[in-house]
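Side chains are part of it too, since the values below use all heavy atoms of this structure and drop only hydrogens, waters and symmetry mates. If you're wondering where the values come from, they're calculated on a predicted model, not measured in any experiment.
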Amino acid sequence: MAAKVESLASSVQELSMNRSGPPSRYILKDGIGLNVASSFPVLDISVIDLGLLASSSPEGEEQLDRLRSALGYCGYFQTINHGIESSFLDQVHDLTREFFHLPMEEKKKYSREANDIDGYGNDVIYSEKQTLDWNDRLYLNTLPENIRKLKKWPKNPEKFSEMLCEYTTKLQGINEIILKAIAKSLNLEENCFVKQFGKKPTALARFNLYPPCPTPHLVLAAKAHGDASGTTYLLQDREVEGLQFLKDDKWYRAPIIPDAIVFNVGDQLEIMTNGIYKSPMHRVVTNKERERITAAFFFAPDPTSVVEPAEGLIDEKRPRLYKKVVDYTANCFELFQKGKRPIDALRI
């Protein structure tokens, strides 16, 4: 991997207070402009009841059909009745906001170090031509426990680390339920994908602050990308939209559903399903007036596990579409910033 250059000295949160507008490095290249975010249509996708999905009742079969349809249509759904209390999700929101509104000197105690991902910061700079995203973020590896870099886990707010441990455990359970359901939806043995995640699957948390931007038609909060994970879970802002998905070469807004968690297929699950369920391209747009706070979790296979299409999904009519891969995420960040999709290199 080529050497990385450290993040910009200024946080995007600080830059948002500058009345002269975003620096040129944040402006979309080639004169590309965006429509007003609210002008995009809402993506009509399924809401999955996880409590019913996990049951063997007729209602559970109906939810499984909805899951199959949603993932085949766009690789994305929203899940409700997932067992995480509304009060706990409020705590996730509130502690995330509290952290990002701490004094800068306090947040800098948890700054990401060069050539590392854990900690507080913004875009890693790979090239002078790179267009930067209008956000600050806190990345923290949470699984397996032996890779946690606890010095980067905020001690302020006081309950942040406790919340992160509990949230990891809750989402880990949800992830297993959904992976088994996805296998069943493809008529595979239910542990098929759980096994591919290996003995020590990884979980990476990303807490996001998207500050207001005076030129939302010229700046993206997060450029278009597919997730390098196996599975992704996003807790959206309570009130401010921003997430958009690409479907049939058109952008659509992801609606906010109270207490729902957004699920989307990651690149590695696309490989496992032999392209039947695709990792959707998505982006985040900026808002001129309001900041947006979100929390995302990325689950991925053990870096030593072989990721490949399930044998039950390969036949004469549908040949193998992807090569085997180990540690898919190793080079994905740099390829992404250079405008390439890592999964494309694995297509047969």
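Counting heavy atoms from C-beta on, the side chains of Ile45 and Tyr252 never come closer than 4.5 Å. In this structure the side chain of Thr231 never reaches within 4.5 angstrom of the side chain of Ile178, judged on heavy atoms. Side chains of Leu140 and Pro154 form a contact here, defined as non-hydrogen atoms less than 4.5 Å apart. The shortest side-chain heavy-atom distance between Asn287 and Arg292 does not fall under the 4.5 Å cut-off. Looking at heavy atoms from C-beta onward, Leu209 lies out of side-chain contact with Phe99 at the 4.5 angstrom threshold. With contacts defined as side-chain heavy-atom distances shorter than 4.5 Å, the pair Trp251/Leu43 does not qualify. At least one side-chain heavy atom of Glu270 sits less than 4.5 Å from a side-chain heavy atom of Tyr322. Between Phe297 and Leu164, the closest side-chain pair of non-hydrogen atoms falls below 4.5 Å.
Among residues at least two apart or in separate chains, salt bridge (charged side-chain N to carboxylate O under 4.0 Å, His left out) pairs with a member in residues 139-150 are Asp116-Lys149. Each side chain to side chain donor-acceptor pair (under 3.5 Å) pair with one or both residues in residues 43-52, not counting sequence neighbours, appears once here: Asp49-Asn81. Every pair passing salt bridge (charged side-chain N to carboxylate O under 4.0 Å, His left out) that includes a residue from residues 166-175 is listed here, sequence neighbours excluded: Glu85-Lys170, Glu166-Lys170. Listed by first and then second residue, the salt bridge (charged side-chain N to carboxylate O under 4.0 Å, His left out) pairs that reach into residues 53-62 come to none, sequence neighbours excluded. Listed by first and then second residue, the salt bridge (charged side-chain N to carboxylate O under 4.0 Å, His left out) pairs involving residues 198-211 amount to none (not counting sequence neighbours). Applying the ring pair (Phe, Tyr, Trp, His ring centres under 6.0 Å) test to residues at least two apart or on different chains, the pairs with a partner in residues 188-211 are Phe160-Phe207.
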### Evaluation steps, side chain to side chain contact (heavy atoms under 4.5 Å, CB included), between Asn135 and Val12
CA-CA 6 Å; Asn135 72 74; Val12 174; 5.7 Å; no
### Query
Under the side chain to side chain contact (heavy atoms under 4.5 Å, CB included) criterion, do Ile182 and Leu71 qualify, and how do the steps go?
CA-CA 9 Å; Ile182 291 173; Leu71 295 186; 3.8 Å; yes
### Query
Would Leu171 and Ile84 count as a side chain to side chain contact (heavy atoms under 4.5 Å, CB included) if you check the C-alpha gap in whole Å, the side-chain angles of each, and the deciding distance to 0.1 Å?
CA-CA 9 Å; Leu171 286 175; Ile84 303 181; 4.2 Å; yes
### Query
Given Ile271 and Tyr328, is the side chain to side chain contact (heavy atoms under 4.5 Å, CB included) satisfied, shown in steps?
CA-CA 11 Å; Ile271 293 169; Tyr328 177 84; 4.3 Å; yes
### Message
Before you tell me yes or no, could you show the steps for Lys151 and Asp118 under salt bridge (Lys or Arg N to Asp or Glu O under 4.0 Å), namely the whole-Å CA-CA distance, both residues' side-chain angles and the distance that decides it to 0.1 Å?
### Response
CA-CA 10 Å; Lys151 65 180 180 179; Asp118 286 74; over 6 Å; no
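Checking side-chain atoms of Lys109 against main-chain N and O of Glu106 turns up no donor-acceptor pair under 3.5 Å. In this structure, the side chain of Glu190 does not engage the main chain of Ala183 through any donor-acceptor pair within 3.5 Å. Panel note: side chain Gln13, backbone Pro211; no donor-acceptor pair is recorded below 3.5 Å. Judged by distance alone, the side chain of Ser111 and the main-chain N or O of Lys108 form a donor-acceptor pair under 3.5 Å. With hydrogens and angles disregarded, no donor-acceptor distance shorter than 3.5 Å links the side chain of Trp134 to the backbone of Val285. Between the side chain of Asp123 and the main chain of Leu132, no donor-acceptor pair closer than 3.5 Å is present. Remark: the backbone N or O of Lys250 is not paired with any side-chain donor or acceptor of Asp248 at under 3.5 angstrom.
Not counting sequence neighbours, the partners of Arg97 by the side chain to side chain contact (heavy atoms under 4.5 Å, CB included) test are His101, Asp237, Glu291, Ile293. With sequence neighbours left out, Val326 forms a side chain to side chain contact (heavy atoms under 4.5 Å, CB included) with Val306. Residues forming a side chain to side chain contact (heavy atoms under 4.5 Å, CB included) with Leu321 (at least two apart in sequence, or on another chain): Asn274, Arg318. For Ile147, the side chain to side chain contact (heavy atoms under 4.5 Å, CB included) criterion is met by Asn141, Pro144, not counting sequence neighbours. The ring-ring contact (aromatic ring centres under 6.0 Å, His included) check on His82 picks up nothing, with sequence neighbours excluded. Every residue two or more places apart in sequence or in another chain that forms a side chain to side chain donor-acceptor pair (under 3.5 Å) with Asp65 is listed here: Arg68.
Going from atom CZ of Arg25 over to atom CG of Leu15 covers 12.0 Å, rounded to the nearest 0.5 Å. Atom CD1 of Ile261 and atom OG1 of Thr79 lie 7.0 Å apart (nearest 0.5 Å). Once rounded to the nearest 0.5 Å, the distance linking CG of Asn264 with CG of Leu269 reads 10.0 Å. Atom CD1 of Ile276 is separated from atom CG of Leu313 by 4.5 Å, given to the nearest 0.5 angstrom. The structure places CG of Leu204 at 9.5 Å from OG of Ser229, a figure rounded to the nearest 0.5 Å. Rounded to the nearest 0.5 Å, atoms CD1 (Ile80) and CD1 (Ile48) are 9.0 Å apart.
Between Phe263 and Phe77, the ring planes are parallel. Angles under 30° get that label, and only those over 60° would be called perpendicular. Relative orientation of the Phe245 and His282 rings is tilted, given thresholds of 30° and 60° on the angle between their planes.
Salt bridge Arg320/Glu311: present, at least one basic N to carboxylate O contact under 4.0 Å. Checked for salt-bridge contact, Glu98 and Lys159 miss the test: no charged N lies under 4.0 Å from a carboxylate O. A salt bridge links Arg238 with Asp94: the distance from a Lys NZ or Arg NE/NH1/NH2 to an Asp or Glu carboxylate oxygen falls below 4.0 Å.
Grouping the Ile, Leu, Val, Met, Phe, Trp and Tyr side chains by contacts below 4.5 angstrom, directly or via other members, places Leu89 apart from Val262. When the side chains of ILVMFWY residues are joined at heavy-atom separations under 4.5 Å, either directly or via intervening members, Ile177 and Leu234 end up in two distinct hydrophobic clusters.
Across Phe88 and Met163, no two heavy atoms sit closer than the pair CZ-O, 3.7 Å. The shortest heavy-atom contact between Ile27 and Thr131 is O-CG2, 3.8 Å. The two residues Leu64 and Ala181 have their closest heavy-atom pair at CD1-O, 3.3 Å. Of all heavy-atom pairs spanning Thr142 and Ala205, the tightest one is CG2-CB, 4.3 Å. Between Lys324 and Leu346, the closest heavy-atom pair is O-CD2, 4.3 Å. Heavy-atom minimum distance, Cys213 versus Pro22: SG-CG, 3.8 Å.
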